[in-house]
Amino acid sequence: MRVTKKIKEEQIRILEQTYLGAKPALKFRNPFDLLIAVILSAQCTDKRVNVTTARLFAKAPTPAAIVALGLPQLEEEIRDCGLFRNKAKNIMATCVTLCEQYGGEVPEDYDALLKFPGVGRKTANVVTSIAFHRPAIAVDTHVFRVANRLHLAVGETPLAVERGLQRAIPKEKWSDAHHWLIWHGRRVCKARRPLCEACPLAPVCPSAGHAE
DNA sequence: ATCCCGAGGG
DNA sequence: CCCTCTGGAT
């Protein structure tokens, strides 16, 4: 199947219809809370991130409070999210910079976000689109896989796929489309055994029935 | 065993 | 490009 502009539009229409009302798994809107939650979310379920951050923010709700907590205590607080040494070090350094250079507020500037340790394109895009309500498509493993299988955006790197999705999807739908693709990747278009039989996109998917 | 809404470093 | 970091869920 050759995926034309027309077919891509149909794919987007079905995604929108199927995942209407799909919400971010991480429940935060506040920029700081969201930033920390997304840093914690690597290789960890969103449920656990929500539990862990709730506990953490009850004790240390601000960058200054997390700095005051100290690294060993922070490691202990986030231990059950995995990768805790890296994450604690990154969160601590991020909070220090937030206090020293940004008056304790998360900056809206995309390049400024990217400079924080532990913040890559994916995290910066999530914060940009969810917390600051600006158009961005975060490409994680799900979005990457689904976009490639659909040929909605084909690319070998997350950045290439991000650019492709930006071209294929109207700007005002970028934030929502990110969630459609994530939920579709988690529930239907799974990495190992995709549920093509039950997939509403199968008629417009070039990989239907023979995804790896 | 294998997979998680990654990022940094080599 | 590859590797490492981590615990929990399935």
Side-chain angles (χ1 to χ4, degrees), chain A residues 15 18-19 21-29 31 33-56 71-97 106 110-132 135-150 152-153 155-162 165 169 174-195 211-212:
Chain A
L15 280 167
T18 306
Y19 296 99
K23 288 187 301 243
L26 299 175
K27 58 185 178 183
F28 304 103
R29 298 295 180 285
D33 293 2
L34 183 64
L35 177 63
I36 301 304
V38 180
I39 292 176
L40 281 176
S41 74
Q43 300 300 78
C44 177
T45 60
D46 47 272
K47 193 175 190 178
R48 188 151 295 278
V49 172
N50 284 330
V51 170
T52 301
T53 47
R55 198 177 53 211
L56 173 64
L71 189 55
Q73 184 58 37
L74 178 59
E75 285 185 350
E76 201 50 46
E77 290 293 334
I78 67 170
R79 179 175 289 273
D80 48 356
C81 284
L83 308 181
F84 70 93
R85 267 181 272 265
N86 288 335
K87 290 175 182 175
K89 179 155 48 84
N90 290 150
I91 288 171
M92 186 56 73
T94 294
C95 288
V96 167
T97 307
V106 178
Y110 185 80
D111 293 318
L113 285 172
L114 268 187
K115 283 185 191 131
F116 287 103
V119 178
R121 288 196 75 80
K122 188 260 174 177
T123 303
N125 283 17
V126 169
V127 172
T128 296
S129 85
I130 309 298
F132 295 130
I137 301 178
V139 177
D140 55 44
T141 53
H142 292 308
V143 175
F144 184 80
R145 180 179 69 253
V146 174
N148 269 302
R149 282 183 178 163
L150 287 171
L152 179 58
E156 297 194 351
T157 66
L159 181 57
V161 170
E162 185 183 329
L165 289 174
I169 301 172
W174 285 3
S175 275
D176 290 334
H178 160 67
H179 292 122
W180 305 337
L181 292 165
I182 289 204
W183 285 115
H184 189 61
R186 292 176 72 168
R187 316 221 283 220
V188 180
C189 197
K190 302 189 288 185
R192 281 307 156 99
R193 286 180 63 239
L195 309 176
E212 289 160 34

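Lettering of chains follows the sequences in order, A, B, ..., and the numbering in each one begins at 1. Here the structure is a predicted model, which is why all the values come from computation and not from measurement.
Distance noted for atom P between B:dA7 and C:dG8: 22 Å (whole Å). Going from the P atom of B:dT2 to that of C:dC3 covers 16 Å, rounded to whole Å. Rounded to the nearest Å, the gap between the C1' atom of B:dC3 and that of C:dT6 is 13 Å.
The footprint of chain A on DNA chain C, defined by a heavy-atom cutoff below 4.0 Å, extends from C:dC5 to C:dA9.
For residues 111-131 of chain A, every residue pair satisfying the salt bridge (Lys or Arg N to Asp or Glu O under 4.0 Å) rule, not counting sequence neighbours, is listed here: A:R121-A:E162. Residue pairs meeting the salt bridge (Lys or Arg N to Asp or Glu O under 4.0 Å) criterion with at least one member in residues 42-52 of chain A, sequence neighbours excluded: A:D46-A:R186, A:R48-A:D80.
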Practice item. At under 4.0 Å between heavy atoms, which parts of nucleotides 2-10 of chain B does protein reach? Answer with one letter per nucleotide, 5' to 3': B base, S sugar-phosphate only, - none. Key: SSBBBSS--

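Residues that satisfy the ring-ring contact (aromatic ring centres under 6.0 Å, His included) test with A:H184, not counting sequence neighbours, are A:Y19. Applying the salt bridge (Lys or Arg N to Asp or Glu O under 4.0 Å) test to A:R79 and every residue at least two apart in sequence or in another chain returns A:E76. Scanning for side-chain hydrogen bond (donor to acceptor under 3.5 Å, both in side chains) contacts around A:Q73 gives A:E77, with sequence neighbours left out. Scanning for side-chain hydrogen bond (donor to acceptor under 3.5 Å, both in side chains) contacts around A:H179 gives an empty result, with sequence neighbours left out. Shown here are the side chain to side chain contact (heavy atoms under 4.5 Å, CB included) partners of A:F144, two or more places apart in sequence or in another chain: A:V139, A:N148, A:P158, A:V161.
A:V106 places none of its side-chain heavy atoms less than 4.5 Å from the side chain of A:L34.
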